[in-house]
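Notes for the one structure printed next.
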Amino acid sequence: MSDLLLRDVRLVPLVNGDQTGEPVDVLVVDGDVAQVGPGIDPATDRRAAGRALVEEIDGAGRWLTPGLWDQHVHLGQWGLCRARLDTTGVTSPEAAIALVAEKVADEPGKPIIGFGHRPGAWAREVTVTELDEVTGVTPVILIAGDAHHAWLNSVALAALGLGARDDVVRENEWFAAYEILNSLTGDSGTSPSAYRDSLQAAAAMGVVGLVDFEFSGGAAEWIERWHAGCDLIRVRMATYADGLEEVVAAGLRTGSPLVEGDDRLVMGPLKIISDGSLNTRTAWCCEPYADGDRLEHPSGAANLAQHELVALLARAHMSGIEVSTHAIGDAAVTAALDAYAATGARGAIEHAQLIARSDIARLAALDIRASVQPAHLLDDRDLTELIWPGRSERSFAFRWMLDAGATLVLGSDAPVSPLDPWLAMAAAVSRTGDDRDAWHAEHALTAREALAASVGEQPRVRVGSRGDLVLLDKDPLAPYDDPRATAAALRSMSVALTVVGGAVVHRAL
C-alpha cells in the first residue's frame, strides 16, 4: 500500500445532507485515508511522520469521489470481444449472413467469432443450414449480445463437440461449449497482457474494482495473471457451482485474499445462473411470453430445481461464501428470494430485470443487494414491450428498489454492455439511449443516486476509508435542466486520476 497526498480537491457529496465545501487536502497512508482537511502537514500523522510520501499531487480544485466499482463483469469475455467481429448493428438474419459471407471471402478458412447482435426481435428463427451455405469449411460462431446463445455453422459445431442440429445452441449447453471456444482460434485475448489492457481501460474510467464472473479459470489462473502484471485494480473472483467444492476445500471464503498480504485480489461470491435471458425467451416468468405458443417453455424455465438452488445456497452460506444469483424473470426472482430466506444466505440478485412489487419489499427485508445493469434497458426496451406486454413498469424498477430501502449496486455485465460505469449511470438517469422520451421515467435515478450506487461500500472520502479514489475534471453532480442533459454530462465525464490503495493506477492530469 502507498502513501499519497492530494491537495486542493473538492469532495463530491454522495450522502444525503452532505454538501460540497471548500477545497481540502486528502492524505492516504498505508492505503487508507488518514486525514481530510485544509493545509495538511503529513508530519502530523504518526504513520507518515519520518518517511517520504510516494507522491504529492495538486488537484487544482477538481472533484474527488470514492473509486467506482463494476459489480458484474465477465472480464475474459470482455477482452476477447474487444477484438471480435462486432455484430451489434446486425438487425436481421439476412444481414448477419451477408456480413459473414464478406468476412469469409476476405479470409477463407480463418475462424470467425462474432458478438453483439440481438436476435430476440428478428422476424424469424435462424438455421445452421443457411449459415453453412455461405461459410463452407470456415468455422463460424455468432454469439448473441446477451451471451446466452450462439448461432454456429456445422464446422464449428463439430469443432466444439456439439451434436448436429439446425438451430442455435442455448443456455447451459452453450456455457459449457464456451469454455473450449478458444481452441478454435488460439486467441490471446485471455493472456495476462490482454487482461491488463482491459484493467487499464477500466482504471481510465475511474474503476477501482470489479467482480469477475468469468466462466472459466479459477483462483490459480487469477493468481498467475496477477503476478504477470494484472495487479492493477481490485478484483473479486467468483466461482460457479462446479468449482465450489474446490474453493471450500482450499479454505477460501468471500473476502479471503488469494495472494497473501494483498487485499486487492480476493475470493468473491458463488455465481448461480437460475434462469435464462430475455432475448432467448428463457428468462423464467410468471406469465407466458407474447409469442409463448411457439416456445418449448411458454413462460421460460428455471435452470435448476428449487431444491437444487436451496442446496447450493446452503452449501455456500455454511462455508462463508456469498451468493450472486442470476435471475432475470419475475418467477426466477421469487424463487431466488425464497432460497435466500430459507437458507439465510447473503449476497445479491443479479439483474432482477423483471420483478414483482411484493418481491422488492422482500429484497430489502432480506438485505439482498440488487445488482443491476442499467445499460441493458437501452437494448431491451423495445423487446420488452414486444414480448413482455403490460409488464414494462416492473422492468428495471430502480426507483421502487431504492424507495423500499433495497441496496442498489450498478454494473455492466460486460461484454453484454460495455465496461463503462458512466454509461451505466447515464442510462439509469435518462432511461433512454436515443431521441425518444425516457422509458418509464418514474424509475429514473438522480445523478447522485446513480453515482452512490457505483462506488462500492464507501459513499464518503473520510478518515478510515480506503484510499481508492477518483479525481474528476468536472462536477458529476452539476445541475442541468433535464435528465437527458445530465446523462450527456455523465457520458462525457473526464477522469484525471484513479487511485487504488494510495497508488496511482491512471493519470491524465
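What you are looking at is a predicted structure, and each value in this text was computed from that prediction instead of being measured. All residue numbers in this chain count up from 1 along the given sequence.
Side chain to side chain, His297 and Thr282 fail the donor-acceptor criterion of an N or O pair below 3.5 Å. With 3.5 Å as the limit, one finds no donor-acceptor pair spanning the side chains of Gln306 and Asp338. His440 and Ser395 are not linked by any side-chain donor-acceptor pair at a separation below 3.5 angstrom, with hydrogens and angles left out of the test. Judged purely by distance below 3.5 Å, without hydrogens or angles, the side chains of Gln71 and Ser371 never pair a donor atom with an acceptor atom.
Under the 4.5 Å side-chain criterion, counting only non-hydrogen atoms from C-beta, Glu214 is in contact with Gln77. Counting heavy atoms from C-beta outward, Asp468 and Val500 have side chains that approach closer than 4.5 Å. Within the 4.5 Å cutoff, no side-chain heavy atoms of Trp400 are placed close to those of Leu363. Side-chain contact check for Tyr340 versus Leu313: some heavy-atom pair is nearer than 4.5 Å. Using a 4.5 Å cut-off on side-chain heavy atoms (C-beta onward), Pro476 and Thr65 make no contact.
Among the candidates Leu469, Val455, Val12, the single residue satisfying the side chain to side chain contact (heavy atoms under 4.5 Å, CB included) test with Pro66 is Val455.
No cation-pi contact links Arg84 to Phe115, judged by a cut-off of 6.0 Å to the six-membered ring centre and 45° from its axis.
Annotation: His117 is in aromatic contact with Trp122 [ring centroid separation under 6.0 Å].
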